[in-house]
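First up is the structure itself, then whatever we jot down about it.
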Amino acid sequence: MRVSSACGLALAAGLAGCSLDPIDYKGKGCPCLADLTCQIVPRQCIVAPGAPQPSLGCVIYTDGMLYCGNASGSQMRSAPRASAPVVDTLRTSYSWFICWGTGELHAGGNTTWYYTEGDDAGRRGWLPAVNLDTPGPFNADPAAYGFAGCGP
């Protein structure tokens with residue numbers, strides 16, 4: 001789940017483009033959404049006009065997944081609650097997340113949990129938002145920023 005992007009981007013009022021190393025991670029190209037522009041330039045960040053300054057290391061790729069910094073060694077749960085069984089561990093500190101859901105209130109002061117694949121056994125599970133480098137407004141409503149919910 002390691003992502004080799006050369007820079008991270010803030011999720012606040014909008015998204016910015018980011019260049020990638022010449023060796024493109026899984027052929028994803030530049031992480032742009034509609035109406036944003038990107039170019040692949042070694043180790044150089046390109047910020048879209050009017051976008052917030054890069055600071056949090058999070059971006060939503062055109063494939064709809066969130067790539068974001070996170071606490072390495074985080075235990076992943078089978079359901080979005082702290083009492084659910086641990087299914088895997090996220091060892092990386094920059095990972096991809098498939099979707100989000102609402103669950104139990106956690107130490108981050110909200111009920112947003114993110115769903116991803118673990119590093120030890122490759123099982124999928126939930127992490128509380130407090131374990132990601134996402135900003136508070138994003139955690140309040142990830143869908144408002146274009147990140148899909150996991151569904152029922």
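Sequence positions, counted from 1, serve as the residue numbers for this chain.
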side-chain contact (heavy atoms from CB on, under 4.5 Å) between Leu66 and Cys58: does it pass, once the steps are laid out?
-> CA-CA 7 Å; Leu66 172 69; Cys58 296; 4.3 Å; yes
From CA spacing to verdict: ring pair (Phe, Tyr, Trp, His ring centres under 6.0 Å), Trp100, Tyr114 | CA-CA 4 Å; Trp100 69 278; Tyr114 294 93; 7.5 Å; no
Test side-chain contact (heavy atoms from CB on, under 4.5 Å) on Met65 and Ile60 and set out the steps.
-> CA-CA 6 Å; Met65 290 203 292; Ile60 298 170; over 6 Å; no
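Checking side-chain atoms of Asp119 against main-chain N and O of Thr92 turns up a donor-acceptor pair under 3.5 Å. Between the Arg77 side chain and the Trp126 main chain, no donor and acceptor come within less than 3.5 Å of each other.
Thr116 places none of its side-chain heavy atoms less than 4.5 Å from the side chain of Arg124. You'll find the side chain of Trp96 reaches within 4.5 Å of the side chain of Glu117, heavy atoms only. Contact of the Thr111 side chain with the Thr102 side chain is registered, since non-hydrogen atoms from C-beta on lie closer than 4.5 Å.
A donor-acceptor pair shorter than 3.5 Å can be found between the side chains of Thr134 and Asn139.
Remark: Asp120 engages Asp88, Thr89, Arg91 in a side chain to side chain contact (heavy atoms under 4.5 Å, CB included) (not counting sequence neighbours).
Criterion: ILVMFWY side-chain heavy atoms under 4.5 Å apart, direct or through other members. Under it, Tyr67 and Tyr115 are part of a common hydrophobic cluster. Hydrophobic clustering (ILVMFWY, side-chain heavy atoms < 4.5 Å, transitive): Ile98 and Val59 are in one cluster.
Using bins of under 30°, 30° to 60° and over 60° for the plane-to-plane angle, the ring pair Trp113/His106 lands in the perpendicular bin.
Once rounded to the nearest 0.5 Å, the distance linking OG of Ser93 with CG of Asp133 reads 9.0 Å. To the nearest 0.5 Å, the span separating CG on Leu90 from CG on Asn70 amounts to 4.5 Å. Here the straight-line distance linking atom OG of Ser74 with atom CG of Asn131 works out to 4.0 Å at 0.5 Å rounding.
Nearest heavy-atom pair across Ala84 and Ser78 is CB-OG, 3.6 Å. Between Gly69 and Tyr94, the closest heavy-atom pair is N-CD1, 3.4 Å. Nearest approach of Asn110 to Thr112, heavy atoms of both residues: OD1-N, 3.0 Å. The minimum heavy-atom distance linking Gly125 with Val87 is given by the pair CA-CG2, 3.9 Å.
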